[in-house]
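Notes follow once the structure below has been shown.
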Protein chains: 2
Amino acid sequence: MGNTMGDTGPRRRVTIREVAERAGVSVATASRALSGNHPVPTSTRTRVLRAARDLDYVANAHARALVGGGRKMAAVVVRQVTSPFYAQVAEGVEAEAADRGWLCVVGATGGEPQREMEFVQLMREEGARLVILVGGVVEDDAYRSRVAHYAQALDAAGARLVLCGRPAPDPDIPALVVEFDNEAGARAVTGHLLSAGHRRIVFLGGLPGNTALDARVAGYRAALAEHGVPAAAGRVVDCGLGRAAGLRAMTELLKETREFTAVVAGDDMVAAGALRAIADAGLRVPEDVSVVGYNDIPLAEDFNPPLTTVRTPAEELGRAAVRIALRDPEHASGSHHVLGTHIVVRRSVASPRGA
Amino acid sequence: MGNTMGDTGPRRRVTIREVAERAGVSVATASRALSGNHPVPTSTRTRVLRAARDLDYVANAHARALVGGGRKMAAVVVRQVTSPFYAQVAEGVEAEAADRGWLCVVGATGGEPQREMEFVQLMREEGARLVILVGGVVEDDAYRSRVAHYAQALDAAGARLVLCGRPAPDPDIPALVVEFDNEAGARAVTGHLLSAGHRRIVFLGGLPGNTALDARVAGYRAALAEHGVPAAAGRVVDCGLGRAAGLRAMTELLKETREFTAVVAGDDMVAAGALRAIADAGLRVPEDVSVVGYNDIPLAEDFNPPLTTVRTPAEELGRAAVRIALRDPEHASGSHHVLGTHIVVRRSVASPRGA
DNA sequence: CCGGCGTCTGAAAACGTTTTAACTTCCCCT
DNA sequence: AGGGGAAGTTAAAACGTTTTCAGACGCCGG
């Protein structure tokens, strides 16, 4: 029993009433002095402030939100927070929210729509005024109706919905879209490979139906076409994202054929797996195979070799999401913002052997 | 005015009153049927539930928390969410919280005590019932009084405080400590180097006063002593953490001397920087210099070469923090849990040249 | 037929804040 | 002198729930 101070009994927080009493004013005056919502002469104000400090008063956010009809809270929903890319987006949201004194909640869904729905529901209960759904997704009917429902419900509550890197099911829906130009990014990085002389290039990490990946595949194909490479020379391996997927798919591919000189990975994690698979097969990067990634995650430059990739300013994506959502008074349904990307050249690309 | 959000107009949410009306019952009955807090005959219950569904009713969490006197909310506070290690801890907390239907808020401080204090204050206002402060820290007077204040204030509000990887300023303080055995981990990994034949080993990434790093340095020194290496042969470079710090410090060190054959890095990010610096200096790992890290972050195996390091189950740390805090009804002041670590051998260590 | 008990229900009292509307003062202007 | 504000303050009414307390009703055993 080391705790001598009342360690038992019901804990009661100090209320504004006690502050008011101690300062010798009414509750109303205390509230005004504390919230600064209404001018109060300096003398009383300091008296109230002092009483609050003496009592270590902490306002009850619930009571405040209850009467105020809302609260400054944003929510980011991602697949998982340990993904470097998502972590950066979340950090951007958090930072921008913190700058305005907003609270930021993050939810992880593990990719399960069920958990996404539960989380959005929870945010409705909590009165979040901004919900940011992050990450590409396969756009099926279930997705469309889910998002339509979110949008309608949040809009009815006066909250904003922003979709980061995923499409709005309908242009009329009250949701904002902020995303990168995946098509352009993939086109640029594939072009980089083509310029180095590569002709047999495989795309590793397709995920049919997933809008983000489909766009990258489209960019890859467009680049091929631009450089006059017959479409048949291209190849897309639909292994999805993640290091494990990249590792497995690349291992398989190498067992099947070596008729390619370069691979563009769906993202940097896939590239990490591919790099490992290539090394395990006794091949060298970039001498034997060139590899490019996507996203430029923080550790991409520490890969072996340092990865040439497409930089997608993820933190900026998060910041932009809240900035735009909070600025834009129109909330213009179907408002669509696309952020640019650029290629960052490191050492995972060389000219192919024969060139 | 003063409204930063374009005012789409304060929309009114559906209240329980409307649900009750539609179901033809009183508010009290509706509440009981919805919250299941009190038995209600099936017929009325279905009626109420149906009305709620028809109206897309969402309970107001604030009102509920106001009367209920609390809410299921946990907060994790980290330096930055993009640090792989912290991200994993946060994920663990989030997962464990979600499992119990709790909400999880994450705050990033950027390492500034000021922001830490603001965030804890915010959590007090919000009525969080669990606050988890993560990450080593220099234990000075400011820290001690800060944490003592958090502990007292949260305890007074009936909330729990847990310190992850940072010390409790006083054993009597109402806070829980959960951490890894840094000393043992560093001892093991340094021992690994010593067993390979290394004798001139430098520790890169000290941060005097920081308890986590001090413990690792202590482990490093203990290992040296165990193997009969004179203390004078050891060297600690106090460059702090982070990739940039490791890169800079290692570059400096290599300019000054090459009288060492191995380096143990303060964590994996420092190791990443060191790896790069070593490569830039034209040396090879592990042939010329062996390197080990700390934490085994997800991409450590993709470094060049794959990094031998100490695995600290970060997600488990986060899970354990909430599990212990929520389980232990005593909250036993000074309760202290330490989680084990183990070394994971990859390819960044070889026997030194002469051996 | 009555007293008592169980089961359902509803009116009203919380919870802690902000805001509204009204009430003083006090001062300046006519 | 008297009227009109402005400035400072307060009591009381919200806000949307849960919970308490008590009433209504039906049923059983005496």
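Lettering of chains follows the sequences in order, A, B, ..., and the numbering in each one begins at 1.
Salt-bridge annotation for A:R319 and A:E315: present, with a side-chain N of the basic residue lying under 4.0 Å from a carboxylate O of the acidic one. Between A:D56 and B:R124 there is a salt bridge, with a side-chain nitrogen of the basic residue lying less than 4.0 Å from a carboxylate oxygen of the acidic one. Checked for salt-bridge contact, A:E91 and B:R79 miss the test: no charged N lies under 4.0 Å from a carboxylate O. A salt bridge links A:E96 and A:R100; the closest N-O separation between the charged side-chain nitrogens and carboxylate oxygens is under 4.0 Å. Ion pairing of B:E18 with B:R22 is absent here, as no side-chain N (NZ or NE/NH1/NH2) approaches a carboxylate O to less than 4.0 Å.
Across all strands, A:A59 comes closer than 4.0 Å only to sugar-phosphate atoms, never to a base (heavy-atom distances).
Protein chain A contacts DNA chain D from D:dG8 to D:dG16, reading 5' to 3' and using non-hydrogen atoms of the protein with a distance under 4.0 Å.
Of the residues near DNA chain C, B:S43 and B:V67, the one whose nearest nucleotide (by heavy atom distance) lies more toward the 5' end is B:S43.
Residues of residues 22-41 of chain B that place a heavy atom closer than 4.0 Å to DNA chain C, in numerical order, are B:V25, B:S26, B:A28, B:T29, B:R32, B:P41.
In this structure, A:T29 contributes its side chain and A:V25 its backbone to no donor-acceptor pair below 3.5 Å.
Counting heavy atoms from C-beta on, the side chains of B:L163 and B:V147 come closer than 4.5 Å. Taking the side chain as every heavy atom from C-beta outward, A:L161 and A:D155 never approach each other to under 4.5 Å.
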